[in-house]
Amino acid sequence: MFPISLSLSPLSCASYQSSALAMAKLTVTPRTSLVDEPVKIHVSGLAPSELVTLQASLTDEKGGLFQSRAFYRSDEAGEVDLEQAAALGGDYAGVHPMGLFQFLKPEKLFHRLVKRDVMQSPFHVRLDLFRSFHLVSTPHDQPVTSQTVERWHVAPGVQRILIRDGRVRGALFLPPEGPFPGLIDLFGGVGGLIEFRASLLASRGFAALALAYFGYEDLPEMLVEVDLEYFEEAVNILLRHPKVGGPGVGLVSISKGAEIALAMASFLPNIKAVVSINSTHALHGMPLRYRDLHINPVPYKIECIRFTPLGLMELSNMVTVIHTEESQESILPVEQAEAKILFIVGENDRNYNSKAFAEKVMERMRRHGRKNYRMLCYPGAGHLIEPPGSPFCYHSWSFFFFRPVVWGGEAQSHVAAQEHSWKEIQKFLWQHLHPAGRQSGTILFLAPHVS
């Protein structure tokens, strides 16, 4: 019997490959979810040890494109399960089940992904499967298969109420029924009204007020003074609402907002719990006024701003720990606070020396016999520690400086910090704002949108 040599023409090979690829299946579950919830991604129908590229794409409300991609090799069964499979390279490497969401990057440099309209629409994230090594997308590239998922910042049933009460401006997010523990959400130097964290907290059972304090509607365009009576008015408005259970409120805050939150806890009644993310220990840049009290700030050391080789601004030397006697009056008297305080610190924060600031606050509290504090310190995390739905942002455009600013962080360590701290923040708030509800198992975790 003569040996038979079998060969395929190029056309036959292409047909065979097309047929094999047609069997590939991309499964993403759930198709609709809150942004802080995990999504399972699974590929099947591949050849064993086949190299594939998974790509995620998202267009924000301003038309900005964000993308991520990672390269995987299928197992012996021709499958890629992102809960177990390690990415070989791309925007991340290793086992990261949510890596395609966590490492989204802007097409235009220095753009930050922030959800503005949390109620009307989700982020639509398209997941594409490409054969082999796929680096750059062109209009001619067609993925083997695709899936699109919806990522919401608010759960069904959560109500948004625009607050224009006296001077106070904000948006109150209320879960159905109630009453629920109340909290105020404060962002930093970006200004305006930012709602995505408050809407997520409301989706987890809190009555959450996203509070604007400059750069919004008829509020001052720039923050030139911290008027603590404005924030006291916001606390009182929240406590008066029939769906807010007292006797006090919590504060969730970051950056300049966290500095203000520590001042609120130091001087205002009815503050029961404070989450302080990458804060300072004193007033910096602008004075504080509360009734007859006036506190002068430590001036920003703008001459200490540094520029990276790419021209990005590093601000960590502009805001410094106070050691001199003449600036002691600017240090916040946090030992007066009755609230429980949770410090969240990123050790790779390139905006503030956040760990040193938190340690200074805790040292002062210890000297006065206070024990109402706790610190979670995250090596490799940067300044913008946000809920898990926010991708890692190392640098972005600054409204205050009209230039790009370095926030810091090592990507994989930072996203791990966001995952862990978000769970700890919720535990902390439930424990100190509504401990009875926590013990009886009545914590509300609302069901996500159902597709």
With the threshold set at 4.0 Å, does a side-chain nitrogen-carboxylate oxygen contact exist between E359 and R364?
-> no
Answer yes or no: is there a side-chain heavy-atom contact under 4.5 Å between V405 and H395?
-> no
Answer yes or no: are there more than 12 heavy-atom neighbours, outside R306 itself, under 6.0 Å from its atom CZ?
-> no
Got a sec, which pairs hit salt bridge (Lys or Arg N to Asp or Glu O under 4.0 Å) with one end in residues 261-271, sequence neighbours left out?
-> none
Any donor-acceptor pair under 3.5 Å linking the side chain of S33 with the backbone of P30?
-> no
For the side chain of Q67 and the backbone of A56, is there at least one donor-acceptor N/O pair under 3.5 Å apart?
-> no
Measure the spacing between OG1 of T29 and CD1 of I41 and express it to the nearest 0.5 Å.
-> 9.0 Å
Gap between atom CZ of R126 and atom CG of L58 - 0.5 Å precision | 13.0 Å
Quick one: do F196 and F187 satisfy ring pair (Phe, Tyr, Trp, His ring centres under 6.0 Å)? Show the steps, please.
-> CA-CA 11 Å; F196 68 84; F187 276 83; 5.4 Å; yes
Inspect the surroundings of CG in L162 and state if more than 12 heavy atoms from other residues, nucleotides or ligands are less than 6.0 Å away.
-> yes
Polar side-chain atom of N278 near backbone of G382 as donor-acceptor pair, under 3.5 Å = yes
Polar side-chain atom of K115 near backbone of D117 as donor-acceptor pair, under 3.5 Å = yes
Please report the closest heavy-atom contact between P387 and W422, naming both atoms and the distance.
-> CG-CZ3, 3.7 Å
Taking only residues two or more places apart in sequence or in another chain, which ones pass side chain to side chain contact (heavy atoms under 4.5 Å, CB included) with K423?
-> none
Derivation and outcome, side-chain contact (heavy atoms from CB on, under 4.5 Å), residues I305 and Y300 = CA-CA 10 Å; I305 292 174; Y300 289 133; over 6 Å; no
Take F123 and W152 through the test ring pair (Phe, Tyr, Trp, His ring centres under 6.0 Å) and record every step on the way to the result.
-> CA-CA 6 Å; F123 277 145; W152 287 86; over 10 Å; no
Using atom types as modelled and distance alone, determine if a side-chain donor or acceptor of D349 lies under 3.5 Å from a backbone N or O of Y352.
-> yes
Compare all side-chain heavy atoms of Q159 with those of I161 and state whether any distance is below 4.5 angstrom.
-> yes
Using atom types as modelled and distance alone, determine if a side-chain donor or acceptor of S330 lies under 3.5 Å from a backbone N or O of N296.
-> yes
Test F343 against Y373 for ring pair (Phe, Tyr, Trp, His ring centres under 6.0 Å), laying out the working first.
-> CA-CA 8 Å; F343 295 98; Y373 58 84; 7.2 Å; no
With sequence neighbours excluded, give me every salt bridge (Lys or Arg N to Asp or Glu O under 4.0 Å) pair touching residues 259-268.
-> K256-E259
For the residue pair W397 and R112, establish whether any side-chain heavy-atom pair is separated by less than 4.5 Å.
-> no
Test salt bridge (charged side-chain N to carboxylate O under 4.0 Å, His left out) applied to R167 and D218, step by step | CA-CA 9 Å; R167 298 187 298 161; D218 55 351; over 6 Å; no
Considering only NZ, NE, NH1 and NH2 on the basic side and carboxylate oxygens on the acidic side, decide whether R366 and E363 come within less than 4.0 Å.
-> no
Identify whether NZ of Lys or CZ of Arg in R151 sits under 6.0 Å from the centre of the six-membered ring of F101 and within 45° of that ring's axis.
-> yes
Give a yes or no on whether a salt bridge exists between K105 and D91, defined as a side-chain N under 4.0 angstrom from a carboxylate O.
-> yes
Return yes if some donor-acceptor pair links the side-chain N/O of S255 with the main-chain N/O of G257 below 3.5 Å, else return no.
-> no
Short side-chain to backbone donor-acceptor contact, S199 and H153, under 3.5 Å = yes
Compute the ring centroids of Y378 and H420, then answer whether they are less than 6.0 Å apart.
-> yes
Is the closest basic N to carboxylate O distance between R31 and E150 below 4.0 Å?
-> no
Would you please name every residue forming a side chain to side chain contact (heavy atoms under 4.5 Å, CB included) with E410, sequence neighbours left out?
-> N348, S413
E107 meets the side-chain hydrogen bond (donor to acceptor under 3.5 Å, both in side chains) criterion, sequence neighbours left out, with none
Is the backbone N or O of A282 less than 3.5 Å from a side-chain atom of H284, with the two atoms forming a donor-acceptor pair by type?
-> yes
Under the salt bridge (Lys or Arg N to Asp or Glu O under 4.0 Å) rule, what pairs show up with a residue in residues 187-202, not counting sequence neighbours?
-> R160-E195, D185-R197
Sorted by first residue and then second, give each salt bridge (Lys or Arg N to Asp or Glu O under 4.0 Å) pair with at least one member in residues 286-304; sequence neighbours left out.
-> E225-R289, D227-R289, E232-R291
Side-chain donor-acceptor pair under 3.5 Å between R350 and Y394, yes or no?
-> yes
F71 ring center within less than 6.0 Å of F133 ring center = yes
Please list, chain by chain and in numerical order, all residues satisfying side chain to side chain contact (heavy atoms under 4.5 Å, CB included) with R116, sequence neighbours excluded.
-> E61, V114, I194
May I ask you to decide if L54's main-chain N or O and D128's side chain share a donor-acceptor pair within less than 3.5 Å?
-> no
Please lay out, stage by stage, how R73 and L88 fare under the test side-chain contact (heavy atoms from CB on, under 4.5 Å).
-> CA-CA 8 Å; R73 196 171 288 280; L88 306 175; 4.0 Å; yes
Taking the six-membered ring where the residue is Trp, are the ring centres of F392 and F103 under 6.0 Å apart?
-> no
Can you name the side-chain hydrogen bond (donor to acceptor under 3.5 Å, both in side chains) partners of E419, sequence neighbours left out?
-> Q102
Residues that D141 engages under side-chain hydrogen bond (donor to acceptor under 3.5 Å, both in side chains), provided they are two or more places apart | T138
With sequence neighbours excluded, tell me which residues meet side-chain hydrogen bond (donor to acceptor under 3.5 Å, both in side chains) with D81.
-> none
With sequence neighbours excluded, tell me which residues meet side chain to side chain contact (heavy atoms under 4.5 Å, CB included) with E347.
-> K355, C377, P379
